[in-house]
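Chain letters run A, B, ... following the sequence lines, proteins first and then strands; every chain starts at 1. All values below were derived from every heavy atom in this structure, side-chain atoms included, with hydrogens, water molecules and symmetry-related copies excluded.
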Number of protein chains: 2
Amino acid sequence: MGNLALEPLDRPEGMTTHEYAHRRLRQAIMVGSIRPGESLTIRGIAEAMESSPTPVREALRRLSSEGALRVLDNRRIMVPRMTADRFSELVSLRAVLEQHAARRAVPHITERRIDRLEEIDRAQDEAIARKDNATALLLNQEFHRTLYTANPEQVIMPMVESVWLQLGPFLGIAMEHVAQLYFVDRHHEAIAALRKRDENAVAAAIKADISEGIGGFERAAIENLLRLAGQ
Amino acid sequence: MGNLALEPLDRPEGMTTHEYAHRRLRQAIMVGSIRPGESLTIRGIAEAMESSPTPVREALRRLSSEGALRVLDNRRIMVPRMTADRFSELVSLRAVLEQHAARRAVPHITERRIDRLEEIDRAQDEAIARKDNATALLLNQEFHRTLYTANPEQVIMPMVESVWLQLGPFLGIAMEHVAQLYFVDRHHEAIAALRKRDENAVAAAIKADISEGIGGFERAAIENLLRLAGQ
DNA sequence: ATCCTGAAAATGTGATCACAAAAATAATTA
DNA sequence: TAATTATTTTTGTGATCACATTTTCAGGAT
């Protein structure tokens, strides 16, 4: 198991070991630094982060419940392989889920939060300008998360994150084989709609952002990319 | 922790202990036989099913990732309390999610599977007729699951099940305080639409089934029910 | 060379133990 | 009697160990 993939992370005081392991693995998967098909061993991870099998196993179980990992019949654990079909399924689900999340957020949004969204968007534009894909990706996620969590009753966010998590490994592949991820940015449109509290317009902007962004990959391009990556 | 709530379950050969614990707890929560707010202890559960803390902890972690359980700051684990707001959020999410799942299933549906759906629906009608709420509930879930899993690429089903799981405890309360759960049955309508491969009609039937079924509870009724149950 | 076979190493699983934190109970004080 | 403190019990957590299964690999047979 590549130790490079598992970069150490800040560990706030009081955080349990299994929680730390979960966050670290999650992050690695989310940004696509673990190869799909690569199988993870409990002991390997435990050693890599200087702990023991017990908490690592708990972290892996959680991640498999979140769809980030798959448990094989051999009981071996791996990052699921991406297919064109699965990709299409994930993207369409993402669109539906996030449109809904956006709609339900609108009644709770404050001007204060919209300002914060603008700020995040500016930072993302800067990251894109200096071709810092990883940061741009993270800021894009933060934009969406900041919007949806305006709704205080959170049942959707974990599912949205689950979809992101499942899409992560593909992004890793894409970043490797495509020189520059091109970001579509319908965020300005979303912000304008938010200022007017126009649910339909917000939902439309989010839908466009997704379907022209990650959803913009043509099926043929996906298959090509996956073939190149040896999936 | 009430041992009554944890009825023994079939344990197929080769099933691991943590998997068995997960299924058993999941089932108990799904049908609402564990009180919201009731806190679960690892050792208590381990003793109740004659195993040890390790696998039980793994099961609990999975269930908390599935939204079925909540981990408090004390690290105590409990079934989350229901509120009117959360309920509304869950029901609207359920409608969106399942409409989408139904749409994506239509292209893959076979006559054979539609026959099976009819059969399940008949069985459910019988269960309703003899006022067997628990069985009717389970058969209703099986109807929906059988429809959605026509799509071979399954990324939505775990999320649908997560919503069911989160609604489960409320159903337990409802069954206790309402003499008879009244089931709305738009299944015939869905089946007819499926025969015609009419995606929009299928989605409409599912939406109606949900919003007139569990979604039919008025907000005032919910609040009343929750107050009665001491939530 | 290719396929089989058996030994060795690696791996997942679950029980047990020690430790620290939290909760419950008993004892003490105002 | 009520509030506070001290003690005991309960509980979550994580490391370690033993066992069974799987994987890996070396050596031999066809």
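Rounded to whole Å, the distance from CE on B:Met15 to C1' on C:dG12 is 17 Å. Atom CD1 in A:Ile77 sits roughly 15 Å away from atom C1' in C:dA10 (whole-Å rounding).
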Protein-nucleic acid N or O pairs under 3.5 Å, nucleotides 19-23 of chain C:
from, atom 1, to, atom 2, distance (Å)
C:dA23, OP1, B:Asn74, ND2, 3.4

Quick one: side chains of residues 65-72 of chain A, donor-acceptor pairs under 3.5 Å with protein atoms, not counting sequence neighbours, listed by atom name and distance.
from, atom 1, to, atom 2, distance (Å)
A:Ser65, OG, B:Arg62, NE, 3.2
A:Ser65, OG, B:Glu66, OE2, 3.1
A:Glu66, OE1, A:His22, NE2, 3.4
A:Glu66, OE1, A:Arg26, NH1, 3.4
A:Glu66, OE2, A:His22, NE2, 3.1
A:Glu66, OE2, B:Ser65, OG, 3.1

Please set out all donor-acceptor pairs under 3.5 angstrom arising from side-chain atoms of residues 46-57 of chain B, sequence neighbours excluded.
from, atom 1, to, atom 2, distance (Å)
B:Arg57, NE, A:Glu58, OE2, 2.9
B:Arg57, NH2, A:Glu58, OE2, 2.9

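In 5' to 3' order, the nucleotides of DNA chain D bounding all contacts with chain B (an atom under 4.0 Å from a heavy atom) are D:dT11 to D:dG14.
Residues A:Leu147 and A:Ile206 are in side-chain contact: their nearest non-hydrogen atoms beyond the backbone lie under 4.5 Å apart.
Defining each end axis of the helix from C:dA1-D:dT30 to C:dA30-D:dT1 as the rotation carrying four pairs' C1' atoms onto the next four, with five pairs an end, the two axes are found to diverge by 10° to 10 degrees.
Within the structure, salt bridge (charged side-chain N to carboxylate O under 4.0 Å, His left out) pairs that include any residue of residues 104-114 of chain A comprise A:Arg104-B:Glu89, A:Glu111-A:Arg195, A:Glu111-A:Arg197 (at least two apart or interchain).
Without hydrogens or angle criteria, B:Ser162 side chain to B:Pro158 main chain gives no donor-acceptor distance under 3.5 Å. Of the possible polar contacts, one joining the A:Glu38 side chain to the A:Arg35 backbone as a donor-acceptor pair under 3.5 Å is found.
With sequence neighbours excluded, the residues that form a side-chain hydrogen bond (donor to acceptor under 3.5 Å, both in side chains) with A:Glu223 are A:Arg219. In this structure, the salt bridge (charged side-chain N to carboxylate O under 4.0 Å, His left out) partners of B:Arg130, at least two apart in sequence or on a different chain, are B:Asp132. Every residue meeting the side-chain hydrogen bond (donor to acceptor under 3.5 Å, both in side chains) condition with A:Arg11, not counting sequence neighbours, appears here in chain and number order: A:Thr17. Evaluation of the side-chain hydrogen bond (donor to acceptor under 3.5 Å, both in side chains) rule for B:Arg145 yields B:Glu161 as partners, not counting sequence neighbours. With sequence neighbours excluded, the residues forming a ring pair (Phe, Tyr, Trp, His ring centres under 6.0 Å) with A:His144 are A:Tyr148, A:His187, listed by chain and number.
Residues from residues 54-61 of chain B that place a heavy atom under 4.0 Å from any atom of DNA chain D, listed by number: B:Arg57, B:Arg61.
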Please walk me through it: do B:Ile214 and B:Leu90 pass side chain to side chain contact (heavy atoms under 4.5 Å, CB included)? CA-CA 10 Å; B:Ile214 193 171; B:Leu90 282 166; over 6 Å; no
Run the numbers on A:Phe217 and A:Val91 for side chain to side chain contact (heavy atoms under 4.5 Å, CB included), then give the verdict. CA-CA 10 Å; A:Phe217 282 96; A:Val91 170; over 6 Å; no
